[in-house]
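Below: the structure, in structure tokens.
Keep in mind that the numbers below use all heavy atoms, side chains included, and drop hydrogens, waters and symmetry copies.
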Amino acid sequence: MTARTPASPNDTVPLADGTGSGGRPAGGEMDAREPLVELFRDLRTSPHGLASREAARRLVVYGPNGLARRAGRRWPAELLSQFTQPLAILLALAAVLAWAGGTPALAVAVAAVILLNAGFAFVQELQAEHAVDALAAFLPATAAVVRDGTRAEIPAADLVPGDVLIVAEGDRVCADARIIDGAVTVDLSALTGESVPATRSADLATVTGSVLDAHSLVFSGTTCTGGEATAVVTRTGMHTELGRIAALSQRGATQRSPLETQVRRVTWIIAAVAVAVGVAFLPVGVWAGLGWSAAISFSIGLIVANVPEGLLPIITLALAVGVRELARKGAVVKRLSAVETLGSTTVICTDKTGTLTENRMTVIRLWLPGAELDATADVDDPRVRALAVAAAACTTAQPPTDTQPAGSGDPTELALLRLAGNLGVAVTTAGRDAGRRAVFHFDAHLKRMSVVDDTAGVLAVRTKGAPETVVPCCTHLVAPDGSVRGLDEPTRVELQHTLDRYAADGLRVLAVAQRALPGSAVSPARREDAETGLTLLGLVAMVDPARPGVAEAVTSAHHAGIRIHVITGDYGPTGAAIAHQVGVGHAGSRVIAGDDLDRLSDADLDALLAGSNEIVFARSSPEAKLRICEALRAGGEVVAMTGDGVNDAPALRHADIGVAMGRSGTDVAREAATMVLTDDNFATIVTAVAAGRRVFDNVRKFVLYIFAHAVPEVVPFLIFALSGGAIPLPLTVLQILAIDLGTETLPALALGREPAEPGLMDRAPRPRTTGVIDRALLLRAWLLLGGVSAALVMGGFLYTLTRAGWQLGDPTGPGTALHHAYLQATTVTFAGIVACQIGTAFAARTDRESLFTIGLLSNPLLLWGILFELVFTAAVIYVPALQDIFGTASLNLGQLVVIAPFPFLVWGADEVFRWVLRRRDITRCDAADNLPDPTQAGLPAPITAR
């Protein structure tokens, strides 16, 4: 007979918000912790579950049981945004002016540049955004429920409030639910960060406090590690705790990275300068007698010469290269600019469980009466083997198999099974279950579990659990000589001291005891009859160990001037012990519990985080993580937030750079993060920081390289204008485009692949306000490299003309005697700028060091780029079809000899300049070393900026 739900088929399920869709279950103020009778009434269901037709109606009302993702990228809008960049707008203006000025070929060329830049940047961003699409979905595909009074498997998305859900060992919980029968242990680390599974059962009701602490509730996204229970679904989809945190993580707009902000600011400055120069010199061209059409072309030439057309695509390419390199090293970056943001990171806020640690309990110490042993070393003591056998027998977990290499069940029990295997007394699942006569499951109140086993016809009670509950059940212990003696008071005191020591080290401790039953005895029917008169075998201390390489990564981060705060949902002592173990903070570092953090005002929190100490924040809520992140950012820090759980998602979303775990991480965390570590290795973060710093340095190198050529491109136009046209225009607009988009691009890209300079990770993080383009870079680019280049190319241009008999004011237009000489002179200018580019490329490879310290040939890509540059230039100069387009003429050997020294002169001038800077730095260091120690003179020690 099919059971019916109390609700009539014609009844509708009222919604709390009255909207008719997506609301909470009936009774907007319903508390899932209320008495079951009232809960069934509010949900209009029963322990027999829903009828299929009623469930179908509710699915229409509440919608699918799934997490709503952030709206995906709308590619038309994203593509359109590429055309609103300042340089794109400026180039569009130049194209319009060129068309209006009667030079459609130039307009088409500039428009092609705009399309190339926009298309390339859009494709690169789109590929990076989709890099994590293949990661696994978070929620399980199916769920076991009671429908129409019988058990059934349904798609997890079809769960609705009122369904009766069956949760068994190894299952992922599909919705928030209230247990109505049975008991389970649940891994809540995805929600709370707590590494130790929690017990949930029908008779453990907690009405006050956080719902996450309610002992009768289970939550979507958590995993059942042991037991079996039935539960009534109270919340689905975005109304679950999982959904609440997912929604919290999706608030707020994505922040621009430091690089994006700086490049955007600089490009607006460049645009303003270019327009101002072009407009200012328009009347100059008219005054010089050029006519309006020629004057407009002249102004366009100035604008194009001032605009580094290759800047945006080259920055995009450099970041894309960084993305690909990081992907090969285990880090998938979803946003290109995140590579550079990593390089400016000053603080890393990291979770503990699964991030610093393996989320895999491991036994490391054993205490026996009269002995304390290292569990990882070879031990020759029969008492140790007896302890391991008893502990492993008192489990329900499944050890690793070929099909399930990690095993299944409670991580603590898996650790006990591994201990027995390591000691050579492995307990098999078949042998354990075959000899079992009774099981008294783990009780959250009693904090212990017991089993009754039949071994070779002998019954024995074996018990494990918290020492404070197991030791009182013991009357004897196993002495060092293997005999059994009474448990006296001095031993109890020693036990307490041992437990205090282990707790201070952040270890989880279990006591293991057993009792052999008389030969004629039968298995006890009651727990209290079994758990009495036990003999204490010893204590087992375990820890969730740090991941290999984390300590080294923390040390590298410290050398790089990066602070690390641990933000965990775990207990404070445990978090502090792990943090100290991997090198975060120091012994006695401050631990701030969640309640203490909530009591801190914003000003107090700002003051706490402004110091140089590293802090462990324990029992932290998602809101607390957000608050910490925002306080750090308000203090000027560039924050990287790492984590893998749902509870990390809001802060991952709002941090400057969110780093999620790809293997153990939840889908919500991966969706919220900017970067996903496919290997779940904390050390990869430090690798990414180094990559980010190198990308920033290399961006500066090719920006220097690109900006240095603006001067020799602009100066010819200024000389033409200031001479009133008496000196013919030494360079054409199309020749400028050939330089900026042809000869310049590959060497600039090669500078983007420049290896890291020595000491990259031994310097402090750069301040957030440090720009890619600063005064020192502009002075070096425009005055030194650009000034030398401009002088050389103008000298070559004038030398070529005068050698042909030209004098100031002589006509050089088509049909004149000097026209061919003029074409050769402009070609010398063009080829001279290219030659100066080669010298600038070598000069830009280092900031202060001599080029000889890193090697002339250490960047083979640059050599290939220069080879392409030379081939392309030769084609423009000597191929007739290209001569017609770019207005060039073939050069003779004498003219090439004039140009040949240009690279060495440009590079040599910069090499001398850097030598002067190094000498000045050495002099300053020597002077500082000779100063008296301020602490010796009774003065306060100087403050060193981070």
Got R365 and D374 here, is their nearest side-chain heavy-atom distance under 4.5 Å?
no

Checking side-chain contact (heavy atoms from CB on, under 4.5 Å) for the pair I685/I348: CA distance, chi angles, key distance, verdict?
CA-CA 9 Å; I685 300 169; I348 296 176; 3.9 Å; yes

From CZ (R526) to CZ (F440), nearest 0.5 Å
10.0 Å

Side chains of L366 and L419, heavy atoms from C-beta outward: is any pair under 4.5 Å?
yes

Can you check whether A430's main-chain N or O pairs, donor with acceptor, with D433's side chain at less than 3.5 Å?
no

Looking only at atom types and distance, does a side-chain atom of R515 sit under 3.5 Å from a main-chain N or O of T532, one as donor and one as acceptor?
yes

Which is it for V451 and M449 under the side-chain contact (heavy atoms from CB on, under 4.5 Å) test, yes or no, and what are the steps along the way?
CA-CA 7 Å; V451 297; M449 169 188 176; 3.9 Å; yes

Is there a side-chain contact between T362 and D544 in this structure, where contact means two heavy atoms from C-beta onward sitting under 4.5 Å apart?
no

Where do P399 and T429 come nearest, in terms of heavy atoms and distance?
CD-OG1, 2.9 Å

Could you tell me which non-hydrogen atom of S216 sits nearest to which non-hydrogen atom of R200, and how far apart they are?
N-CD, 4.2 Å

Determine whether V616 and I592 satisfy the following criterion, side-chain contact (heavy atoms from CB on, under 4.5 Å), listing intermediate values before the conclusion.
CA-CA 6 Å; V616 175; I592 306 295; over 6 Å; no

Check whether any side-chain heavy atom of V145 sits under 4.5 Å from a side-chain heavy atom of V164, and report yes or no.
no

For the CD1 atom of I578 and the NE2 atom of H580, what is their distance to the nearest 0.5 Å?
11.5 Å

Quick one: does any side-chain atom of R547 pair with a main-chain N or O of T357 as donor and acceptor, under 3.5 Å?
yes

Would a 4.5 Å heavy-atom cut-off, applied to side chains only, mark L368 and L373 as touching?
yes

Point-to-point distance, once rounded to the nearest 0.5 Å, from CG of D176 to OG1 of T240:
5.0 Å

Any side-chain donor-acceptor pair under 3.5 Å between R508 and T412?
yes

Apply side-chain hydrogen bond (donor to acceptor under 3.5 Å, both in side chains) to the pair T223 and R172, showing each step before the final yes or no.
CA-CA 4 Å; T223 303; R172 181 72 64 88; 3.2 Å; yes

Side chain D171, main chain V173, donor-acceptor under 3.5 Å:
no

Can you give me the closest heavy-atom contact between L217 and V211, atom names plus distance?
CD1-O, 3.9 Å

Exam field: side chain R418 to backbone M361, donor-acceptor pair closer than 3.5 Å
yes

V389 to V427 - nearest heavy-atom pair and separation
O-CG2, 4.3 Å

Please confirm whether the backbone N or O of A393 pairs with a side-chain atom of R436, one donor and one acceptor, at under 3.5 Å?
yes

Determine whether a donor-acceptor pair (N or O, by modelled atom type, separation under 3.5 Å) exists between the side chain of T491 and the backbone of L487.
no

Are V184 and I179 side-chain neighbours, meaning at least one heavy-atom pair lies under 4.5 Å?
yes

Check the side chains of D453 and T455 for a donor-acceptor pair under 3.5 angstrom, ignoring hydrogens and angles.
no

Supply the atom-to-atom distance E153 CD to T142 OG1, rounded to the nearest 0.5 angstrom.
4.5 Å

Any chance you could measure C174, atom SG, to F219, atom CZ, to the nearest 0.5 Å?
15.0 Å

Can you tell me how far OG1 of T350 sits from CG of L356, rounded to the nearest 0.5 angstrom?
4.0 Å

Kindly indicate, with the supporting measurements, whether the criterion side-chain hydrogen bond (donor to acceptor under 3.5 Å, both in side chains) is fulfilled by R432 and T395.
CA-CA 9 Å; R432 178 191 65 189; T395 61; 2.8 Å; yes

Between the side chains of E531 and T463, does any donor sit under 3.5 Å from an acceptor?
no

Counting N and O atoms only, with roles assigned by atom type, does the side chain of R590 sit under 3.5 Å from a partner on the main chain of F617, one being a donor and the other an acceptor?
no

Give the minimum heavy-atom separation between G431 and T428, together with the two atoms involved.
N-OG1, 3.1 Å

Donor-acceptor pair, R437 side chain versus V452 backbone, under 3.5 Å?
no

Determine whether Q496 and E468 make a side-chain contact, defined as any pair of heavy atoms from C-beta on separated by less than 4.5 Å.
no

Does the side chain of V509 reach to within under 4.5 Å of the side chain of T498, using non-hydrogen atoms?
no

Crowded around R485 CZ? As in, over 12 foreign heavy atoms under 6.0 Å?
yes

Test your reading of the model: is there a side-chain donor-acceptor pair from E614 to the backbone of G585, 3.5 Å cut-off?
yes

Carefully, step by step, assess L534 and T475 under the rule side-chain contact (heavy atoms from CB on, under 4.5 Å).
CA-CA 6 Å; L534 301 175; T475 56; over 6 Å; no

Note: P47 and I180 closest approach over all heavy atoms is CA-CD1, 4.2 Å

Please evaluate residues K464 and E413 with respect to the criterion salt bridge (Lys or Arg N to Asp or Glu O under 4.0 Å), reporting the C-alpha separation (whole Å), side-chain torsions for both, the decisive distance (0.1 Å), and the verdict.
CA-CA 10 Å; K464 76 172 193 306; E413 294 191 347; 3.1 Å; yes

